[in-house]
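Computation of the quantities below employed the complete heavy-atom set of this structure, encompassing side-chain atoms and omitting hydrogens, waters and symmetry-equivalent molecules.
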Amino acid sequence: MIAAALALLPLTLGVFASPLPDISARQIFLKPWCSGLGVGAFDVAYNFTLAAYNSTLPNSNTTGVPLVVGWNGATEEAELKVLSTYASYPYNDFPTFSMVNGTLHPNSPNNLSIVDNVVSDGDEPSFLQTNEPATAAQIYCGVADTDPAGGGTGFPELAVNSDTDSFFLCSTGDYRFAQNNIVYKPNLNSYSYNYSSCYPVKIQIIGLF
Ligand SMILES: *[C@@H]1O[C@H](CO)[C@@H](O)[C@H](O)[C@H]1NC(C)=O
Ligand SMILES: *[C@@H]1O[C@H](CO)[C@@H](O)[C@H](O)[C@H]1NC(C)=O
Ligand SMILES: *[C@@H]1O[C@H](CO)[C@@H](O)[C@H](O)[C@H]1NC(C)=O
Ligand SMILES: *[C@@H]1O[C@H](CO)[C@@H](O)[C@H](O)[C@H]1NC(C)=O
Ligand SMILES: *[C@@H]1O[C@H](CO)[C@@H](O)[C@H](O)[C@H]1NC(C)=O
Ligand SMILES: *[C@@H]1O[C@H](CO)[C@@H](O)[C@H](O)[C@H]1NC(C)=O
């Protein structure tokens, strides 16, 4: 019944309120990277920034802590990047992000070539900066704050693997250098970050509206 109602809705709107909503809004229901995220989901947005907002700990404001593309290692051919707090990695080679059809793309003023990687449980969501051919993973989605009863901050949230609720900020601690990075479903036995330091956050999409 619900599926039938949803299928009917765009058709009705299409007749009476054309040209809105556009076709991409209708198809969002069919895209695996936005699956189950409801009517507020979107997978195309340009030139926004990201911020981490505490889910359980106190926040000093509704925006949250600015996130940037942080260093995480390099080979001769490529550099691996993660999402770090600007406070722990005070450089910003990629001042904004865009989301294109489920890929999350850091924008470089110097036209550096970078793609997002697949994210598994326990991973730091990461990016590969390389001049070799590389394919961006279609795994990201945005979700507008549509709760009329409030409770949200008003900013849209980022989802990976159609999940907005499993991001944490974790310290790399003594393992490498003191950087606070985003981790998806932290793993107790990771050598990449200090599990005990992790706390849950939402990733907010800033600057769209
Ligand atoms: C995003 O920013 C770039 C660089 O400033 C600009 O060329 C482009 O038009 C912007 N895109 C949108 C949709 O605002
Ligand atoms: C979230 O909590 C951490 C740890 O207490 C704190 O350092 C950070 O500033 C908080 N974030 C905001 C936006 O207040
Ligand atoms: C919100 O608070 C965080 C943590 O104190 C700070 O880094 C950030 O700049 C603040 N954002 C705004 C818009 O005031
Ligand atoms: C978005 O991704 C889907 C699945 O890979 C693809 O079929 C579609 O052509 C893409 N659309 C655009 C506008 O890139
Ligand atoms: C980046 O690419 C744009 C568009 O192709 C070009 O206008 C700009 O000059 C390039 N910037 C650099 C630093 O190469
Ligand atoms: C890991 O984090 C916990 C909690 O913040 C801290 O007590 C501990 O010293 C850290 N361990 C390392 C190796 O940095």
Side-chain angles (χ1 to χ4, degrees), residues 24 27-28 31-35 37 41-52 64-143 155-164 166-170 172 175-185 190-193 201-208:
S24 60
Q27 289 177 339
I28 208 82
K31 298 186 173 184
W33 47 92
C34 290
S35 148
L37 294 175
F42 59 93
D43 72 348
V44 177
Y46 294 95
N47 299 341
F48 53 82
T49 63
L50 296 174
V65 174
L67 296 172
V68 294
V69 175
W71 192 86
N72 198 46
T75 65
E76 272 178 36
E77 294 81 26
E79 289 184 32
L80 192 64
K81 309 283 186 168
V82 292
L83 293 172
S84 307
T85 63
Y86 178 74
S88 71
Y89 188 83
Y91 309 96
N92 200 353
D93 296 333
F94 303 89
T96 64
F97 295 84
S98 294
M99 187 164 22
V100 183
N101 204 13
T103 65
L104 182 60
H105 183 75
N107 295 319
S108 158
N110 299 318
N111 298 335
L112 296 173
S113 188
I114 186 166
V115 296
D116 69 275
N117 294 322
V118 166
V119 176
S120 303
D121 293 7
D123 283 354
E124 293 158 269
S126 67
F127 305 87
L128 199 64
Q129 183 188 316
T130 176
N131 292 323
E132 303 293 316
T135 306
Q138 289 178 298
I139 50 172
Y140 288 94
C141 187
V143 189
F155 294 108
E157 288 177 11
L158 186 72
V160 72
N161 303 335
S162 57
D163 180 0
T164 55
S166 302
F167 293 116
F168 290 71
L169 266 178
C170 302
T172 53
Y175 295 121
R176 294 173 303 183
F177 33 84
Q179 217 166 286
N180 286 325
N181 295 339
I182 294 290
V183 178
Y184 178 69
K185 297 185 179 175
S190 175
Y191 288 104
S192 301
Y193 47 82
V201 296
K202 301 286 192 172
I203 300 184
Q204 302 203 113
I205 299 175
I206 312 295
L208 281 187

Query raised in the report: Hey, are the side chains of Tyr184 and Asp163 touching, using non-hydrogen atoms and a 4.5 Å cut-off?
Result: yes
Query raised in the report: Is any side-chain heavy atom of Leu169 less than 4.5 Å from a side-chain heavy atom of Phe167?
Result: no
Report task. Could you tell me the separation between the CG atom of Leu67 and the CG atom of Leu50, rounded to the nearest 0.5 Å? Result -> 6.0 Å
Report summary line: Correct closest heavy-atom pair for Cys141 and Phe42 would be SG-O, 3.4 Å
Query raised in the report: Are any side-chain N or O atoms of Ser120 and backbone N or O atoms of Asp123, one a donor and one an acceptor, separated by less than 3.5 Å?
Result: no
Query raised in the report: Minimum heavy-atom separation for Gln179 to Ser84, with atom names?
Result: NE2-OG, 2.9 Å
Report task. Give the minimum heavy-atom separation between Ile205 and Gly142, together with the two atoms involved. Result -> CD1-CA, 4.0 Å
Query - For Thr164 against Ala159, the heavy-atom pair lying closest together - result: CG2-CB, 3.6 Å
**Report entry** Identified side-chain contact (heavy atoms from CB on, under 4.5 Å) partner of Phe127 from the options Leu104, Asn72, Val82
**Finding:** Leu104
Report task. Kindly compute the distance separating CD1 (Ile114) from CG (Asn131), expressed to the nearest 0.5 Å. Result -> 11.5 Å
Please list every donor-acceptor pair under 3.5 Å in which a side-chain atom of residues 89-100 meets a protein atom from a residue at least two apart or in another chain.
residue, atom, partner, partner atom, Å
Thr96, OG1, Asn107, ND2, 3.0
Ser98, OG, Asn47, N, 3.2
Ser98, OG, Asn107, ND2, 3.0

Query raised in the report: Shortest non-hydrogen contact from Tyr140 to Trp33?
Result: O-CD1, 3.3 Å
Requested in this report: Search all heavy atoms of Gly64 against all heavy atoms of Gln204 and return the closest pair with its distance.
Outcome: N-NE2, 4.4 Å
Query raised in the report: Can you check whether Glu77's main-chain N or O pairs, donor with acceptor, with Thr130's side chain at less than 3.5 Å?
Result: yes
Query raised in the report: Counting only N and O atoms by type, is there a donor-acceptor contact under 3.5 Å from the side chain of Gln138 to the main-chain atoms of Asn101?
Result: yes
Requested in this report: Hey, could you give me the OG/NE2 distance between Ser113 and His105, rounded to the nearest 0.5 Å?
Outcome: 7.5 Å
Requested in this report: Kindly determine whether Leu80 and Leu128 satisfy side chain to side chain contact (heavy atoms under 4.5 Å, CB included), including the steps that lead there.
Outcome: CA-CA 5 Å; Leu80 192 64; Leu128 199 64; 4.2 Å; yes
Query raised in the report: Is there side-chain contact between Pro106 and Lys81, with heavy atoms separated by less than 4.5 Å?
Result: no
Report task. State which residue, out of Ile182, Asn117, Asp116, Asn181, fulfils the side-chain contact (heavy atoms from CB on, under 4.5 Å) condition with Pro125. Result -> Ile182
